[in-house]
Structure formats: structure tokens, C-alpha cells
Amino acid sequence: MNAYAPILVLGALGAGFAIFSVVMATLIGPKRYNRAKLEAYECGIEPTPVPAGGGRFPIKYYLTAMLFIIFDIEIVFLYPWAVSFDALGIFGLVEMLLFVLTVFVAYAYVWRRGGLDWD
């Protein structure tokens, strides 16, 4: 348990700072509300009214999110591999090449299907 004490203390300090910041901003922050602040913000364009049953999002939003997750996961696997590259030898190199090839096939598929074309 002594080995995990610094990690727990750091986690508690981080959570305490986050909670303290949110509470203090709520208590002492300015409270000047106006119509513009209460409206939805859509990247600088005028917000469009939403239908009664809720609006439908274009599939491009989800494809972009999935692409981000795919390449984010690839980076998460590349860092530990790069750190222990010498210890893994040729086996590690072949496995990482197969992994990168698999990700590249997914990338090529999305590219051919038009998932990277933003209207």
C-alpha cells in the first residue's frame, strides 16, 4: 500500500483542486447573464432551431469522432512500443508493422468512402 500512497495523494490533490476551482468560480465569479450568453454556440454560425423530436446529426460527426479514436489508440500503442523497441527485437517490429498496416487499411477504407471529405 505504501507504493500507491503518492498516487492516491496526487489523485486526491487533483480532485480537490478541481472541486475547489469549480466551487470558487461559482461563488465569486461574475453573474452577468445576457441573451447572447444563454444561446447555444455552434462554432461561430447562427444556431438553427431544433425540431420538436430533436435534430438529426449528420453521420460525418460520428465518422470524425471514430477516426480520432482510431488514431488516438494507435498513438497510445506506439509510445510503449517505441520505449521498449530494443527489448522486443524483430518480433516487436513485425507486430507493430501489422498493427500499423491494419490501421492504414481502415484509414484507406474511410478515405475511399468519403469520410474525410468535409462539406
Side-chain angles (χ1 to χ4, degrees):
M1 186 63 180
N2 288 337
Y4 296 110
I7 296 172
L8 293 174
V9 169
L10 184 63
L13 282 173
F17 178 74
I19 292 169
F20 174 77
S21 298
V22 170
V23 169
M24 292 309 289
T26 304
L27 293 176
I28 63 175
K31 294 170 182 60
R32 294 182 294 256
Y33 297 108
N34 58 28
R35 185 173 172 219
K37 279 188 177 181
L38 296 176
E39 285 186 5
Y41 180 70
E42 294 184 7
C43 300
I45 61 174
E46 290 293 322
T48 56
V50 179
R56 295 182 66 177
F57 285 100
I59 194 68
K60 299 277 185 184
Y61 292 116
Y62 301 109
L63 285 176
T64 304
M66 288 171 51
L67 281 173
F68 173 76
I69 290 170
I70 287 172
F71 291 112
D72 196 40
I73 289 172
E74 181 183 15
I75 295 300
V76 165
F77 284 123
L78 279 175
Y79 275 121
W81 172 77
V83 169
S84 62
F85 177 71
D86 289 337
L88 294 175
I90 193 73
F91 174 76
L93 179 63
V94 171
E95 289 297 320
M96 188 51 67
L97 285 176
L98 288 174
F99 176 70
V100 170
L101 180 68
T102 305
V103 172
F104 180 73
V105 168
Y107 174 72
Y109 174 77
V110 171
W111 189 0
R112 293 283 291 158
R113 296 286 302 212
L116 302 176
D117 298 331
W118 196 261
D119 298 331

Inset, instruction - Kindly write out the residues that satisfy salt bridge (Lys or Arg N to Asp or Glu O under 4.0 Å) with Arg35, not counting sequence neighbours, or none if the list is empty. - result: Glu39
Inset, instruction - Spell out, yes or no, whether Tyr109 and Tyr107 are grouped together once hydrophobic residues are joined by side-chain heavy atoms under 4.5 Å, including indirect joins. - result: yes
Inset, instruction - Kindly compute the distance separating CZ (Phe104) from CH2 (Trp111), expressed to the nearest 0.5 Å. - result: 7.5 Å
Do any side-chain atoms of residues 76-101 form donor-acceptor pairs under 3.5 angstrom with protein atoms, and if so which ones, sequence neighbours left out?
residue	atom	partner	partner atom	Å
Trp81	NE1	Gly92	O	3.2
Ser84	OG	Pro80	O	3.0

Legend entry - Joint hydrophobic cluster, Ile73 plus Val105, side-chain heavy atoms closer than 4.5 Å: no
Less than 3.5 Å apart, which donor and acceptor atoms pair up between the side chains of residues 17-33 and the rest of the protein, not counting sequence neighbours?
residue	atom	partner	partner atom	Å
Ser21	OG	Phe17	O	2.9
Thr26	OG1	Val22	O	2.8
Lys31	NZ	Thr26	O	2.9
Lys31	NZ	Leu27	O	3.3
Lys31	NZ	Gly29	O	3.3

Inset, instruction - Using the rule that two of Ile, Leu, Val, Met, Phe, Trp, Tyr join whenever any of their side-chain heavy atoms come within less than 4.5 Å, decide whether Leu13 and Leu8 are in one cluster. - result: no
